[in-house]
Amino acid sequence: MIARSTPWGTIQFGEAFYALSEPEQCAIIAHEQGHIHHRHALKRLAWLLTLRAVFRPEAFFAMCETQELEADRYAVERGHAAGLISFLFRSNLHVKSPGYPTTKHRLENIHG
């Protein structure tokens with residue numbers, strides 16, 4: 001884990017966060033602030049507590065992907081595009097994880 005936001009509005013950092021460059025760290029913080037601003041963790045928690053995530057996992061993961069792109073846009077709008085792009089280029093461009101868009105999709109989203 002690099003970082004994650006919590007339903008109560010805090011950001012938790014993993015050890016990998018501290019290996020990033022300063023611009024990448026700032027971009028990750030801004031991305032996580034985007035999740036907090038848009039209340040993404042609360043929305044995910046509501047899906048879990050109501051069991052919608054269990055019975056409609058495809059819809060849950062699609063919502064999570066949309067939230068990741070929204071958090072990326074939040075960071076970019078606050079001037080952290082370069083740090084976010086630098087961070088994303090460290091990732092495999094075509095790997096797909098449930099709830100996350102591919103890095104290629106995220107980069108395309110940043111560039112409009």
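Small disclaimer: the values here were computed from a predicted structure and weren't measured. In this chain, residues are counted from 1 in sequence order.
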Smallest separation among heavy atoms of [X] and [Y], with atom names:
X	Y	answer
A27	G83	CB-C, 3.6 Å
Q12	M1	O-CE, 4.1 Å
E32	I11	CB-CD1, 3.6 Å

Could you check whether any side-chain N or O of T50 sits under 3.5 Å from a backbone N or O of A46, counting only pairs where one atom can act as donor and the other as acceptor? yes
With rounding to the nearest 0.5 angstrom, report the [atom1] to [atom2] distance, [X] to [Y].
X	Y	atom1	atom2	result
S5	R44	OG	CZ	7.5 Å
L107	T102	CG	OG1	8.5 Å
L84	Y74	CG	OH	14.0 Å
L48	K43	CG	NZ	14.5 Å
N109	H111	CG	NE2	10.0 Å

Does any donor atom in the side chain of E68 or H35 lie under 3.5 Å from an acceptor atom in the other side chain?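 Per modelled atom types, E68 and H35 side chains form a pair under 3.5 Å.
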What pairs with F61 under side-chain contact (heavy atoms from CB on, under 4.5 Å), at least two apart in sequence or on another chain?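 In terms of side-chain contact (heavy atoms from CB on, under 4.5 Å), with neighbours along the sequence ignored, F61 is linked to P57, P98.
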With sequence neighbours left out, write down each residue that passes side-chain contact (heavy atoms from CB on, under 4.5 Å) with R39, or none if nothing qualifies. L42
Compute both the distance and the angle, then confirm whether R56 meets the cation-pi test with F60: under 6.0 Å from the six-membered ring centre, within 45 degrees of the axis.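 That pair does not qualify as a cation-pi contact.
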So, using salt bridge (Lys or Arg N to Asp or Glu O under 4.0 Å) as the criterion, who are the partners of R106 when residues are at least two apart?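 With sequence neighbours excluded, R106 shows a salt bridge (Lys or Arg N to Asp or Glu O under 4.0 Å) to D72, given in chain and number order.
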Quick one: are L69 and E65 in side-chain contact, heavy atoms under 4.5 Å?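 No, side chains not in contact.
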Between H80 and I29, is there a side-chain heavy-atom distance shorter than 4.5 Å?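 They are not in side-chain contact.
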If hydrophobic clusters are built from ILVMFWY residues whose side chains come within less than 4.5 Å, do [X] and [Y] share one?
X	Y	answer
V54	W47	no
L45	L51	no
Y100	M63	no

For F55, does the CZ atom have more than 12 heavy-atom neighbours from other residues, nucleotides or ligands under 6.0 Å away? no
Count the heavy atoms of every other residue, nucleotide or ligand shown that sit under 6.0 Å from CZ of F17, and state whether that count exceeds 12. yes
Please report the C-alpha distance between R78 and Q33 in whole Å, then the side-chain angles of each, then the deciding distance to 0.1 Å, and finally whether the side chain to side chain contact (heavy atoms under 4.5 Å, CB included) criterion is met. CA-CA 11 Å; R78 278 143 189 85; Q33 288 172 332; 5.8 Å; no
